[in-house]
Amino acid sequence: ARYAAMPLQVLQAFLAGRYVGLDTTRASLEKRTGRISRKQYWFSRVANTAYGVFMLCFPVLLVLTPRVNTKAHTYLFFAMIVFSFVVIAANFAESQKVALASKIWMGLFTAHTVLLPVFGIVDFSAYDEWEVAGCRSGGDECYEWAEVELETAYGPLVVNTTRGTAQEPPVPWYVLWYLDWGWFALLGLAVVFLPDSPPLIVKWKLDEETEGEQVDIATPAKLQAAVATTDNVKTGSGGPSREEGVDSIPPPPPPPPPPPPALPPILLP
């Protein structure tokens, strides 16, 4: 199962990184236009960053198997549940208008997100690997016995072995079963009940003018500074001017001179 899960985990990490990048860009554009506040923007940005970083590390689940550490393997799933919920909650926090159906869905999703990790931690913490609570003698009455038939070179052999400790968890197993399947079912419905947000419009174009030349790839900070300087020079309101030592964008080069007129043909005798 781990070999089949590995490419799926890598794909999940890639899609998560792609999502948080686009969603953070959308939130940034909405903040610039005044559609969302500064607090809403930073809530989305922090939630997206935390979710993206965690999902990049989530494939360690296939290394930290239950045989290595059962609790750590399970708690990684609980962490994924919490980070996924925070990202969705940030989208709801940005929305100015949420439909009633979306509010009901979010209430159910919140309840499952809170109860599943809490009840799971309670059951794992109460489990005693060797003895049943209230049975400290360690005798045979503390274990569930079963007969197992083994194939040997001399024929089948029936042996008595323990099938596990006879313990009842504080929270019944079927409650955890429902919360587990219910949470993933609600997660699948997120695309239906998430509040609407404006889509991004992205246009791609080849830069044929600089083809074959060394291009200086500007960082986002350099681009933002260049845009701010250009706006100040153009408007002249409060920003530095050319006389103050700030160079604006140079004018385009003059067009090349027209070619000379063609000479008339000369007829030779």
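With hydrogens and angles disregarded, no donor-acceptor distance shorter than 3.5 Å links the side chain of Ser28 to the backbone of Thr24. With Ser102 contributing its side chain and Phe193 its backbone, the two residues share a donor-acceptor pair below 3.5 Å. Checking side-chain atoms of Thr65 against main-chain N and O of Leu62 turns up no donor-acceptor pair under 3.5 Å.
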### Message
Determine whether Met106 and Thr110 satisfy the following criterion, side chain to side chain contact (heavy atoms under 4.5 Å, CB included), listing intermediate values before the conclusion.
### Response
CA-CA 6 Å; Met106 188 60 181; Thr110 303; 4.1 Å; yes
#### Entry: ring pair (Phe, Tyr, Trp, His ring centres under 6.0 Å) between Phe54 and Phe58, worked out
CA-CA 6 Å; Phe54 175 81; Phe58 191 57; 5.6 Å; yes
### Query
Can you check side chain to side chain contact (heavy atoms under 4.5 Å, CB included) on Thr74 and Ile121, steps first, answer last?
CA-CA 9 Å; Thr74 305; Ile121 293 174; over 6 Å; no
### Query
Would Leu187 and Phe109 count as a side chain to side chain contact (heavy atoms under 4.5 Å, CB included) if you check the C-alpha gap in whole Å, the side-chain angles of each, and the deciding distance to 0.1 Å?
CA-CA 8 Å; Leu187 180 64; Phe109 190 64; 4.2 Å; yes
#### Entry: Steps toward side chain to side chain contact (heavy atoms under 4.5 Å, CB included) verdict (Phe43, Val86)
CA-CA 9 Å; Phe43 182 22; Val86 173; 4.2 Å; yes
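Taken from CG in Leu179 to CZ in Phe119, the straight-line distance is 7.0 Å, to the nearest 0.5 Å. Residue Leu189 holds its CG atom at 10.5 Å from CG of Leu194, rounded to the nearest 0.5 Å. For the atom pair Lys31 NZ and Gln40 CD, the distance stands at 11.5 Å (nearest 0.5 Å). Taken to the nearest 0.5 Å, the CD1 atom of Ile81 stands 6.5 Å off from the CG atom of Asp180. Rounding to the nearest 0.5 Å places CG of Asn48 at 7.5 Å from CG of Asn91. Here the straight-line distance linking atom OG of Ser95 with atom CG of Asp196 works out to 8.0 Å at 0.5 Å rounding.
The residue from Lys39, Arg26, Arg45 that alone fulfils the salt bridge (charged side-chain N to carboxylate O under 4.0 Å, His left out) condition with Glu94 is Arg26.
Of all the heavy atoms in Leu61 and Gln9, the pair that sits closest is CD2-NE2, 3.9 Å. For Leu186 against Trp105, the heavy-atom pair with the smallest separation is O-NE1, 3.1 Å. Here the closest non-hydrogen pair linking Ala27 and Ile36 is O-CD1, 3.4 Å. Nearest heavy atoms, Leu176 versus Gly120: CD1-N, 3.7 Å. Scanning both residues, Val87 and Ala47, for their nearest heavy atoms gives CG2-O, 3.6 Å. Smallest separation of non-hydrogen atoms from Val68 and Val63: CG2-O, 3.9 Å.
Not less than 6.0 angstrom separates the ring centroid of Phe184 from the ring centroid of His112.
The side-chain tip of Lys71 does not point at the ring of Phe124 from less than 6.0 angstrom away and within 45° of straight on.
Under a hydrophobic-cluster definition in which Ile, Leu, Val, Met, Phe, Trp and Tyr are linked whenever side-chain heavy atoms come within less than 4.5 Å, directly or via other members, Phe83 and Leu64 are assigned to the same cluster. Cluster membership check: Tyr51 does not share its hydrophobic cluster with Phe14, using side-chain heavy-atom separations under 4.5 Å among Ile, Leu, Val, Met, Phe, Trp and Tyr. Follow the hydrophobic side-chain contacts under 4.5 Å out from Phe78 and you never reach Leu56; the two are in separate clusters. By the rule that hydrophobic residues join a cluster once side-chain heavy atoms approach within less than 4.5 Å of another member, Tyr178 and Trp183 end up as members of one cluster. Residues Val171 and Trp181 share a single hydrophobic cluster, defined by chaining ILVMFWY side chains whose heavy atoms lie under 4.5 Å apart.
No more than 12 heavy atoms of other residues, nucleotides or ligands shown are found within 6.0 angstrom of CG on Leu206. Remark: Asn69 CG is packed, more than 12 non-hydrogen atoms of other residues, nucleotides or ligands lying under 6.0 Å away.
In this structure, the side chains of Thr49 and Val20 stay at 4.5 Å or more apart for every pair of heavy atoms. Contact annotation: the side chain of Gln96 never approaches that of Pro195 to less than 4.5 Å [non-hydrogen atoms, C-beta and beyond].
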